[in-house]
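Since the structure is predicted, the reported quantities are computational estimates derived from the model, not experimental observations. Residue numbers begin at 1 in each chain, while the letters A, B, ... track the order of the sequences.
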Amino acid sequence: MRPAGPHPPATSDLEGLDPEQRAAVEHDQGPLLIVAGAGTGKTTVIARRIAHLIASGRARPSEILALTFNEKAATEMQERVDVLVPYGYADAHIATFHAFGEEVLSSFGIEIGIAPSFTVLDQTAQALFLAEHLEELGLDQYAPLSDPTKYLRELAGFFNKLKDYPIAAEELRRFAEAGLARSETDPAARDGFARALELARAADRYNTLGWKQGFVDFGDLLALTLRLFDESPSALQFLQQRFRYVLVDEFQDTNPVQFEIVRRLTAVHRNLVVVGDDDQSIYRFRGAHLQNILKFHEFFPDARSIVLTRNYRSTREILKSARRLILVNQDRLETRLLISKELLTERTGPMPRIKELPTEAEEAAWVAAEIRAAVESGARRCRDIAILVRSNKNAEPFLRALDEQGVPYYFPGSRGLFQRPEIREMVALLYSLSQDAREDHLYHLAESAYGVPGDDLSRLVHELSSEPTKLRTLMERASNRSTAVEISEEGRERIATMLEDLRALKHTARDHRVGEVLRAYLERRGIIKRLRAPSSFEDEIKARNIVKFFKVVQMFASVAVVDRVPLFLRHLGAIMDYGEDPAVAEIGEESDVVQVLTIHRAKGLEFPVVYLVQAATDRFPTRNLRRGIDVPVELAPGERTSSELHKEEERRLCYVAFTRAKEELIATHAVDYGGKRPRQRSEFLSEAFDLGKPAPAQKRQRVMEELEAYRTDAPQGLPPLARPPAHEPIRLSHQRIADYDTCPLKYHFLHVLAVDPILTLDHRVNFGNAVHQAVAFALERHRLGEPPTFEQVLEVYRSSWRNEGYRSEEHARRRFEQGAAALRSFLEREVLGEEPPTDVERSFRFNLGDVIVSGRMDRVDEGPDGVVITDYKTSELEGEEHADASARDNLQLSIYALAHKELTGRVPQRLELRYVLGGAVGTSTRSEEKLERTRDRILAIAESVRSVDFRAQPSEHNCSICACRPICSESAV
DNA sequence: GCCCGTAGGGTTTTT
DNA sequence: CCCTACGGGC
Ligand SMILES: Nc1ncnc2c1ncn2[C@@H]1O[C@H](COP(=O)(O)OP(=O)(O)OP(=O)(O)O)[C@@H](O)[C@H]1O
């Protein structure tokens, strides 16, 4: 790889430019907008123009300001200009918008009350700051008691988004208040405005709190700069006089506040040149705006416009497909401004290819094999080739396949450090040394760092269910042979080593810094020695990741009051929960290797050969998922999100991918990415190559996947299990069925290995238990004709309460109060106000063949028209209108209904979900057919359990809330 | 052609 | 959990 762009000799500053480029470079005074497609030399023009301004003596270098969107572009621009302006005095100001803002604020910030010594908070620091001050932001709906930090990321994102425009907190507040005042009769609208008001207040408090302490976030670097320009005419004037020529690259990626800054800066001399390509705007998700290009003409009606159409990169075949694709988009400058950006070139080459393969693995293998062949034949070098993926995790199979083919590669992932095994191991170690150690940390450490066999661990954990002690204690006993639990010799030795290490390191941790403790651990384990002279690619990556983790430790050390393990763990926990997951270490960056990149990362680069992979339904384009909190449209005109706009952005992304290719473009896709349905080729391929609708879905080939099931090493990290004898009945419960449904591996952890004694219960589970106990008690007394007093119910609630896992004492107290208040209204409503139930906590058990299903119904009411079965829920109230739908879809109720049917031959008259916290009730019924399906589902799960099928089904959501996550190696998060 | 149940995904990245 | 797309059934 190399950065796109020429390095022509410095002799003539106009040499080699085509007429349009030349016109742009020579453009004299006044505003100029250059719009052009990919590979037309836009970046080249900016660099050459800077050189020309200097060389022609029209400007001194210090009078030139070139703004880019990211560091990389700024560095690259600087390098190009350095080559073009030989005397080494090219000190034109080339910077990112943020760097420029930071500089301006350092010099002039004091005029708007920002002391020059301010600290810039990065995304992680900002999240930590928010977490620390969450209670001071006056949040309500955005900090629910069940999970106060639930919206923390969203809030941070929202506060940043406000600054992209910028919309002041004050402005948002006025908007919300006005809205509330005029929508008195419309509860839905009121709710929206109330939320906006809550956000406005929180944003204001967050800002004030931070600024007072000398913290500014990234958004502030821009928003405060703009405010400075508006509030301090002298500062603005100074900068206007200093920078007489302003240039902006990648203008389509700028957001409104950036444009406003540039406008102010050039308001007097109007020497502003911007270049951009609306078709390559791929950061709209982050506030970039086509609006800016349109507004350019609005603010500079006399602006000159230049369109570049000569393409210096790709073949005609590639350009033709790219154009056909991008023309599908409706929202484009070509149509709005009536210009033509159609790209011209004389170059020709092979037609782009599309390759369909049966499975994901075969797709990756095919690409890797092609690459290997091309490199071996000498036709290409590795660096000539790029594999472009839509999202980081799509890269995985390709990296594996390249490994297998022995093809070296570079993959700059953008996160994932904390998921790496070598890092998880160190984290588990640190926890195991601290007071906050949980059993799962020790389990994980033993399993993954010390290689204690899974069989031994399961036996130890199993023992815990009968012997109420600590895993640590059992391990101590195992290591000196004083337990009845059967442990392999290998396991015993490894456990002994681990415990010895832990004792020694615990000692070290008392009076040493975190970095020193970790180092001591790595020394003891011989890891340092091994990684000092890495013998494999994998070891090299490990070593670098460990170094990266030490950077996190260092960062902590530089801000920590006391550099000791327990404090570090609190810090790390917060980073992992709401901070940024750092990128894994990069490798092979500079050398002759294949580049595996996300399309976003590939922007601005060019390669002779490009593979665009996983071009299939749901992979590319991705689905439209809106997340985060939206800025009210009234305040952010032109800001719309819709699935069509999303698709257009994805299409631009595809356009960027295509136009990275100079000679060869190959798009691949597979039919089988592991799901149940066959995948079709991306609609973008149909559009670009005029293919019409993809062929009807053939039956998926399951060959590979079937083989996969017989892999001897799968599933990972689990002891091999014997198939239970056919005559032994399978016992299932609602919980077991639900767990298997969520993820077979979760079932395995919880109900086969029975690891629950070493897992930590979420505070919500404890809360739910306490409320349930109290509800059951109240109902039972009601049933017996002795309705309890509130004090009695409260007593049961209090005695079941566990004060663990809350954010703070205050949080626990408020949550307790919430439960108590709910119980009070529950008592009034359902005990004083309703007939007593027929049964409370009624146990049941029925057989389906050799499957035994058992459980307990919270409440049963028998009436003349049949039976009503009720389940109480303690989750936060979702919209009341959804309560019936929840009751309809609820698996637990289906199982109770089926139980009733099996035991009495009759379908219950009604099923109810009662939400204790809000008092909402959802009612539903179950038809015979529906129960039939429930029964089939149970039987299918039983069969899978019998056949020992516990392959993990990792998913974003399920893994993020799964109790087994700390000990699971398959987790998606 | 429309309704409903079921399957599948849950980005992208910079400062 | 929540939202969307698709395919089967009518
Ligand atoms: N006048 C020219 N003569 C020859 N080659 C040129 C000329 N102008 C630009 N190029 C080459 O064309 C390629 C694309 O240039 P550049 O990266 O500046 O284009 P761009 O418009 O910024 O592309 P993109 O929008 O895709 O990032 C580079 O390899 C560059 O060296």
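Applying the 4.0 Å criterion to OP1 and OP2 of B:dG5, one finds that A:Arg933 has every side-chain N and O outside that range. OP1 or OP2 of B:dT13 sits under 4.0 Å from a side-chain N or O of A:Asn392. Look at A:Thr598 and you'll find a side-chain N or O under 4.0 angstrom from OP1 or OP2 of B:dT13.
Counting only heavy atoms from C-beta on, A:Asn958 has its side chain closest to C:dC1 among B:dT13, C:dC1, B:dG9. Side-chain proximity of A:Arg623 to C:dT4, B:dT15, B:dG10: nearest is C:dT4. Distances were taken from every side-chain heavy atom of A:Thr622 (C-beta onward) to each of B:dT15, B:dG9, B:dT11; the shortest belongs to B:dT11. Checking B:dT15, B:dT13, B:dG9 against the side-chain heavy atoms of A:Arg679 singles out B:dG9 as nearest. Comparing atom distances between the A:Thr96 side chain and each of B:dT15, B:dG10, B:dG9 picks out B:dT15 as nearest. Distance from the side chain of A:Arg390 is smallest for B:dT11 among the nucleotides B:dT14, B:dT11, B:dG9.
The number of heavy atoms from other shown groups lying within 6.0 Å of OH (A:Tyr151) does not exceed 12.
Base engagement by A:Gln123 is indicated by at least one non-hydrogen atom pair under 4.0 Å involving a base atom. Within 4.0 Å of A:Phe97, counting heavy atoms only, lies no atom of the nucleic acid at all. Across all strands shown, A:Glu929 has no heavy atoms under 4.0 Å from either base or sugar-phosphate atoms. Among the heavy atoms of the strands lying under 4.0 Å from A:Ser955 is at least one base atom, whether or not backbone atoms are also near.
Between the side chain of A:Ser391 and the base of B:dT11, no donor-acceptor pair under 3.5 Å is found.
A:Phe69 has its ring centre less than 6.0 Å from the ring centre of A:Tyr283. Taking the six-membered ring for Trp and the full ring otherwise, A:Phe259 and A:Phe251 have centroids separated by under 6.0 Å.
Separating the NZ atom of A:Lys930 from the C1' atom of B:dG5 is a distance of 9 Å, rounded to the nearest angstrom. Counting to the nearest Å, the P atom of B:dT15 and the CZ atom of A:Phe69 are 8 Å from each other. Here the C1' atom of nucleotide B:dT14 and the CD atom of A:Gln126 are 13 Å apart, to the nearest Å.
Put simply, the residue from A:Trp211, A:Phe215, A:Phe159, A:Tyr578 that forms a ring-ring contact (aromatic ring centres under 6.0 Å, His included) with A:Phe129 is A:Phe215.
A distance of about 16 Å separates the C1' atoms of C:dT4 and B:dT11, rounded to the whole Å.
The ring of A:His957 lies on top of the base of C:dC1, close enough and flat enough: under 5.5 Å between centres, under 30° between planes.
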### Query
Under the side chain to side chain donor-acceptor pair (under 3.5 Å) criterion, do A:Glu363 and A:Tyr611 qualify, and how do the steps go?
CA-CA 11 Å; A:Glu363 180 190 4; A:Tyr611 288 89; over 6 Å; no
